[in-house]
Amino acid sequence: MNARDLRQKYIEFFVSKGHKEFPSSPLIPIDVTGKLDESLLFTGAGMVQFKPYFRGLVEPPHPRLVTCQNCLRTTDIEETGDPWHLTFFQMLGNFSFGDYFKKEAIEFAWEFLTSEKWLNLDKNRICVTVFEQDDEAYGYWEEIWKKESFDPSEKIHRLGEEKNYWPAGAFSSGPPGPCGPCTEIFYRCAPETELTGDFKTDEAAGRWVEIWNLVFLQFEWKGELKDPTKPHLGYRKLGMDPLPKPGVDTGMGLERTAAVLGAKKSVYEIDTFAPIIRTICERAKYAFGTNEEKDKAVRIIADHLRAASFCVADGITPTNTGRGYVLRRIIRRCVFKGQHTLGMQEPFLAQIFPSVIEALGDSHKELIERKETIVSVLNAEETQFRRTIEQGLRRFWNFVEQFKKEMYQPKRKRASYFNLPGKYVFTLYDTYGFPYELTEELAKQHGFRVNYNEFLKYMEKALQRARAASDSGKVFEAEKAFVVSSENAPSFSRFIGYSTMESKATITRVSPEFDKNGLTTGKFRIALDETPFYAEAGGQVGDTGTIECEDFVFIVHDTQKEADIIWHIGEFSDKTNFRGRSQDEITDKLKKSVLSRQVVAKVDAKRRRNIMRNHTATHLLHAALRKTLGAHVAQSGSLVAPDRLRFDFTHSAPLKPEEIDRIEQIVNEKIAETMPVVVHENVSLQEAKSRGAMMLFGEKYGDKVRMIEIPGFSLELCGGTHVENTAEIGLFKIISESSSASGIRRIEAVTGLGAYEWAKKTEEILEKSASLLKTPPEDLPKAIEKLQAQVRQLQREKEQLIASATTPTETESIPVGPVNLYHVMLKTGGAEAGKLTADRLIERDPRGVAVVGVYDEDKVTLFCKVGSSAQKNGLHAGLLLREIARRAGGGGGGNATFAQAGTKDSQKLSQAMDALVDIVKEQIKTQ
Ligand code: SER
């Protein structure tokens, strides 16, 4: 039985039992309503996306569903690479929402496992466990085993909540969420003769392997953290409410079950791994099975590469926090293993990736659709990490050396010799980006231990600093905000701004901001029952404008959404009456004259129209980028503001000028084609997906979505505001292209009036340049070329002048005792010529003393160079020029060989020069 067959049979079986196949959710835990499950980092079980169904919040499309869910669990990451552990795996599951329960779930499982038509497993090799208090489940199993003529007491084992409750131990200790007792099905991998008879012992020894977990989700576990500042202390139980839709959630690990049923020695031997393992070994020129440590490295790379590929396909990019950090860690671990254990000195991940498609591409089309993105992220991360490793290793050894020196100080105790201080490890991590896990691994390889507790202390301090830094800028602390609400204020604000920018409304809530003395600062947030103001979302900035009535005008500087309330943030134009008030005073005032008032909400329409132009242009740009650069381009961030738009996307290389031209051209063509922008409201997420609409994984989409279509060109899920026709954009101009992060490029562009202003400014620069060069703007390039030619010509002439000025053959020397004095005055050539001349004179004559003067506008600069033999006779360039400068009313100095001086007094200089021979003589004499 291979994994493909098992998957197919499982789905087929449950479809035959009235289930509907439902797609896997992304690894980012987005539930069926499109909401991100904040309690989880990754989807780790089939039921994660279905929580709203079990909780009765949303009606399921069908009471029975069957899925093959992609899962990522990092709790076992240290064990990954041993024969049975994986970080990424697929989980087969059948679900009932308020439909069938324990009896049918157990009967379905039995039939699927043992019927000849399906898996036809040997009943002798099966046994089950049930929760110790679950007599009902026990009873159903008992009936089955009896019917099959087995002794139920040998086939059913009652275990505690650690094994037979889901989540494990949830009965007593949470976490909050749907939970219930479960029954697990085991398959015997060892011959019967090896069994001890004690189920727990045999299970721990791997003789029985769990293949299927049937959970009977019955309760919503309620509780709170014992100490919110110390989440590791766990939860305090407050109760267990029955779930509105109790049901069944089963999970069968596809890879593990396929391996067990196929009598493999490890999960890595099955079909969805084979091509990957083979390709890694080929690349590493390694024969699998010949070295245990290397085998393990190959398995880790295979598992992690699958995990990383799916993470990227689901829209995660490597970063330093949260999901992105897990991805980064996974990729880096692969690279480290490949490089260090398997000796792959060249980047290999992107080359091995096609084998992941070979293994899984038939059932997971996203790997093929997003292959360019995956390859580009893998490449960028691997290259960057290889650099980090190189530097990190050097630093690691420096630290070790330094540490050894410290440790060998006689007074230190030897006991801690093998404990590498947490301070070093933290510096490696924090300053140099060298992952903790790698330091630990490296330390282990070389017989050190890492002082983990000390490392944690440093980490905690750093985290505190980071938190303090990120909190300081907040204007309104949501949890502390003080809100005055009208009676019966609705729990949400209705947004009506797609079709209007001005409307009547009623004020339902006001939230003043207070200073540290408890007095109002003058800043307020106002909520309306309905509003045309767009709250910042999906990259589009919040609207500005006014909220007015006869008695006041409220100026809106920004609009933000918090849960379902749209807040207009700003101040009253009459500041004096609203500032410096105590909580009681302002509450009174707001209740009397603001709350429940009928107002007119007016969006700054000009600004909003600019935003709309930029938003629609962003969609055009996105489509044009994919057309020009390829389908790997995926949006990774955007800003839609009134004056410009910014778009970040996955692409590994800087854009070439011709690519930028092409993109601009495509977008402007679409503008010129005056294409309608069609808005589809209330489309089901399924339909949007099947129409191939572009969406951002990780965005919170509801089950009904809004789609923006520019027919035949662009289709995106989007809640933003758009123009009705592309013609309204006017003009689109890219103004910059740069890198925003590793593997991510950033484009900034302007449209409409923004593009006009950009063109105007550029024109001004052009005109100014043209007038400086006294030429019409169209002749500027020619004029600049002419200017450049002139500069080159002048440069050449200067060089010639210097060359001719510094030909010392014509310079006669004056013998003064044992030295030869050269004295030259240059009219042109500047300081360079002066120095060069002095150099050349002395080059040929070690007995020489050269004094070269250069006229430069209103001053004369003097250079003096003294040859080696003249120096022996007492000549010192510095002293010589100092003396001349003293006489010539200037200043200067230098060393024995070379000196420089200057003066503005040419008359005194000529007197000083007349005395030159004497000054030289003086120096010889004084020797
Ligand atoms: N939720 C259960 C598990 O993950 C069954 O799907 O094991």
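Counting starts at 1 for both ligands and their atoms, in listed order. All values derive from a computational prediction rather than experimental measurement.
For F50 and F22, the gap between ring centers is short of 6.0 Å.
Rounding to the nearest 0.5 Å places CG of N2 at 4.0 Å from CG of D271.
Counting only residues at least two apart or in different chains, ring-ring contact (aromatic ring centres under 6.0 Å, His included) contacts with residues 237-257 are absent.
Between G44 and ligand 1, a contact under 3.5 Å exists for no N or O pair.
Cation-pi contact between K155 and F150: present, with separation from the ring centre below 6.0 Å and deviation from the ring axis of at most 45°. A cation-pi arrangement, defined by a distance under 6.0 Å to the six-membered ring centre and an angle within 45 degrees of its axis, is present between R158 and Y138.
Of the candidates V248, T250, L92, D249, the one placing a heavy atom closest to atom 1 (N) of ligand 1 is D249.
With ligand atoms numbered from 1 in the order given, ligand 1 contributes 5 (C), 6 (O) to contacts under 4.0 Å with heavy atoms of G251. Within ligand 1, counting atoms from 1 as listed, the ones closer than 4.0 Å to a heavy atom of V215 are 2 (C), 5 (C).
Residues F97 and E59 form no side-chain contact, since every pair of their non-hydrogen atoms from C-beta on lies 4.5 Å or further apart.
At a heavy-atom cutoff of 4.0 Å, ligand 1 is contacted by no atom of M252, backbone or side chain.
The shortest contact between atom 4 (O) of ligand 1 and any protein heavy atom is with R73 NH2, 3.1 Å. Closest protein heavy atom to atom 3 (C) of ligand 1: W166 NE1, 3.3 Å. Scanning the protein heavy atoms around atom 7 (O) of ligand 1, the nearest turns out to be N213 ND2, 3.2 Å.
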